[in-house]
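Remember, it's 1-based here, ligands and their atoms both numbered in the order they're listed.
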Amino acid sequence: MGVVSPIREALAIHGGAPVRKTFLPYGHQSIDEADIQAVVSTLRSDWLTTGPKVAEFEEAFAASVGTAHAVSFSSGTAALHGAAFAAGLQPGDEAITTPMTFVATANCVLYQGATPVLADVSPDTLNLDPGQTAAKITPRTRAILPVDYAGHPAELDSFLDLAERHGLTIMEDACHALGAEYRGRRVGSIAHMTVFSFHPVKHVTTGEGGMVTTNNSQFAETLRRFRNHGINSDARERQKAGGWFYEMTFLGFNYRLTDVACALGIQQLGKLEANLARRREIAARYAASFREFPGVIPPAVRSEVNPAWHLYPIRLDLARLSADRAEIFRALRAENVGVNVHYIPVHQHPYYRERFGFKSGDYPAAESAYERLISLPMFPGMTDEDVNDVVRALQKVATHFGR
Ligand SMILES: Cc1ncc(COP(=O)(O)O)c(C=O)c1O
């Protein structure tokens with residue numbers, strides 16, 4: 001990747017030429033010919049859903065994260081709902097999670113009629129803070145949902161310790177973190193249940209899709225039934241047995257992932273290692289470049305983890321800049337760099353404010369980070385030139401507003 005020279009041109013937002021002619025999104029899927037062929041051949045097969053590709057994908061996925069069971073779902077959100085059900089969440093129960101996440105993490109607790117309780121994040125990683133979490137445990141607490149924000153694993157050992165002491169279930173939201181390692185082990189093999197998403201910007205995509213991994217066979221059995229109406233056998237087993245009998249034993253949903261989607265997932269999983277390697281290469285290049293830029297703070301990485309880099313969220317040091325986040329964001333977008341913001345904290349959404357009475361100041365670490373966060377483009381299909389463009393655009397904008 002080339003050397004970056006200082007730039008003093010007019011910003012695109014002020015009428016200057018943008019760094020890029022075309023818009024670079026913050027995330028994008030990588031689909032190749034083998035992916036397309038796998039989908040086409042499944043479309044020509046006998047099974048569009050509830051067929052052999054589902055088990056094949058689940059087994060390959062379980063092997064890739066090093067866990068006993070993987071149960072596929074129609075989305076990451078459905079997978080979170082399944083995990084909340086399997087953890088036994090019900091009205092009157094509380095589950096503790098982070099404000100610095102996509103709303104689906106907290107919503108799954110509400111789907112079960114239970115109450116999400118938020119605890120603030122650690123200021124460096126923006127992951128759920130174990131000390132803040134411990135302070136929120138009550139006799140009603142039943143589960144903790146740490147999120148591996150941006151692909152940086154949460155402090156899983158501390159949460160498992162809390163779980164042991166208080167009899168809780170750890171449902172890790174690893175929707176950002178497929179392939180991330182915590183103390184040398186892949187996430188997905190550590191928490192009681194771990195949830196993944198296969199949305200197109202994630203490491204592996206099936207269009208929409210999700211997975212729960214677990215080493216607990218009882219959780220796995222419950223998850224399989226939950227995604228299939230609460231019914232105790234699947235269509236293929238019945239067809240094989242030539243039978244008709246099935247029983248619904250609890251109220252479940254149709255959250256099944258199709259064979260068409262699983263065929264794509266199997267192919268995508270084969271490219272996971274290359275995908276991770278490229279994301280890590282881009283992250284290293286960003287971190288090395290940004291140290292010199294005024295007001296730009298790269299994301300922190302703790303020594304015990306190897307992140308999966310779903311996102312690359314920088315933080316602005318606003319004291320060193322003469323513009324706020326909104327203006328820097330607009331300036332980068334004008335340079336055709338597709339920045340984004342992850343996340344508006346959960347408690348600041350109107351639904352949560354109105355239903356639970358949350359207010360500004362409740363979670364200072366998450367709120368202070370939110371004011372300063374900008375996610376830069378991060379996906380394996382980025383060329384070296386794309387990466388250079390992001391570096392140049394950030395240098396141009398930070399230098400302009402730096403003081
Ligand atoms: C942290 C987190 N949790 C849950 C989800 C929900 O996943 P899905 O979009 O597959 O339903 C997402 C998706 O963006 C996410 O980022």
K.L.:
Could you tell me, atom by atom, which parts of ligand 1 come under 4.0 Å of a heavy atom of T77?
P.N.:
6 (C), 7 (O), 8 (P), 11 (O)
K.L.:
Out of G76, G209, A106, A150, who gets a non-hydrogen atom closest to atom 8 (P) of ligand 1?
P.N.:
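Checking each option, the heavy atom nearest atom 8 (P) of ligand 1 is found in G76.
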K.L.:
Yes or no: does L80 have any heavy atom under 4.0 Å from an atom of ligand 1?
P.N.:
yes
K.L.:
Taking the basic N atoms (NZ, or NE/NH1/NH2) and the acidic carboxylate oxygens, is any pair closer than 4.0 Å for R185 and E181?
P.N.:
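Result for this pair is no, no salt bridge flagged.
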K.L.:
Would you tell me whether Q268 and D35 have side-chain atoms, one donor and one acceptor, within less than 3.5 Å of each other?
P.N.:
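The criterion, which ignores hydrogens and geometry beyond distance, is satisfied for D35 and Q268.
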K.L.:
For the residue pair S72 / R256, report whether a side-chain donor-acceptor contact shorter than 3.5 Å exists.
P.N.:
no
K.L.:
Are A78 and ligand 1 in contact, using a heavy-atom cut-off of under 4.0 Å?
P.N.:
no
K.L.:
For ligand 1, which atoms have a heavy atom of S197 less than 4.0 angstrom away?
P.N.:
7 (O), 8 (P), 10 (O)
K.L.:
Pairing donors with acceptors under 3.5 angstrom, does anything connect the side chains of D386 and T383?
P.N.:
yes
K.L.:
Taking heavy atoms and a distance under 4.0 Å, where does Y149 meet ligand 1: side chain, backbone, both or neither?
P.N.:
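Within the 4.0 Å criterion, Y149 makes no contact with ligand 1.
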K.L.:
Once the angle between the rings of H203 and H310 is folded into 0 to 90°, is it parallel (under 30°), tilted (30 to 60°) or perpendicular (over 60°)?
P.N.:
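H203 vs H310 ring planes: tilted.
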K.L.:
Is a salt bridge present between E56 and K53, judged by a nitrogen-to-oxygen distance below 4.0 Å?
P.N.:
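Yes, this pair counts.
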K.L.:
Examine the side chains of T138 and E94 and answer whether a donor and an acceptor come within less than 3.5 Å of each other.
P.N.:
yes
K.L.:
Examine ligand 1 and decide if any of its atoms is less than 4.0 Å from a heavy atom belonging to F196.
P.N.:
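It does not, in that no heavy atom of F196 comes within the 4.0 Å cut-off of ligand 1.
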K.L.:
Could you tell me, atom by atom, which parts of ligand 1 come under 4.0 Å of a heavy atom of D173?
P.N.:
1 (C), 2 (C), 3 (N), 4 (C)
K.L.:
Do E58 and H69 have side-chain N/O donor and acceptor atoms under 3.5 Å apart?
P.N.:
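Judged by distance alone, the side chains do not pair up.
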K.L.:
Would you kindly say whether R392 and N388 are connected by a side-chain donor-acceptor distance under 3.5 Å?
P.N.:
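No.
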K.L.:
Can you sort out which atoms of ligand 1 are near C175, meaning under 4.0 Å from one of its heavy atoms?
P.N.:
2 (C), 3 (N), 4 (C), 5 (C), 15 (C)
K.L.:
Identify, by atom number and element, the atoms of ligand 1 in contact range of H176, meaning under 4.0 Å from any of its heavy atoms.
P.N.:
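Per the distance check, 1 (C), 15 (C), 16 (O).
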K.L.:
Please determine if E208 has a nitrogen or oxygen closer than 3.5 Å to a nitrogen or oxygen of ligand 1.
P.N.:
no
K.L.:
Would you mind listing which atoms of ligand 1 come within a distance below 4.0 Å of any non-hydrogen atom of Y343?
P.N.:
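Heavy-atom distances to Y343 below 4.0 Å select 16 (O).
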K.L.:
For ligand 1, which atoms sit closer than 4.0 Å to a heavy atom of T105?
P.N.:
3 (N)
K.L.:
What protein heavy atom lies closest to atom 12 (C) of ligand 1? Include the residue and the distance to one decimal.
P.N.:
F102 CD2, 3.7 Å
K.L.:
T101 to ligand 1: N or O pair under 3.5 Å?
P.N.:
no
K.L.:
Any idea which of M100, H199, K202 brings a heavy atom closest to atom 14 (O) of ligand 1?
P.N.:
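Nearest heavy atom to atom 14 (O) of ligand 1 lies in K202.
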K.L.:
Check each atom of ligand 1 against the heavy atoms of S75 and keep those under 4.0 Å away; list them by number with element.
P.N.:
10 (O), 11 (O)
K.L.:
Establish, from distance only, whether the side-chain atoms of N107 and Y351 form a donor-acceptor pair under 3.5 Å.
P.N.:
no
K.L.:
Do H176 and Y149 get their side chains close enough for a donor-acceptor pair, meaning under 3.5 Å?
P.N.:
no
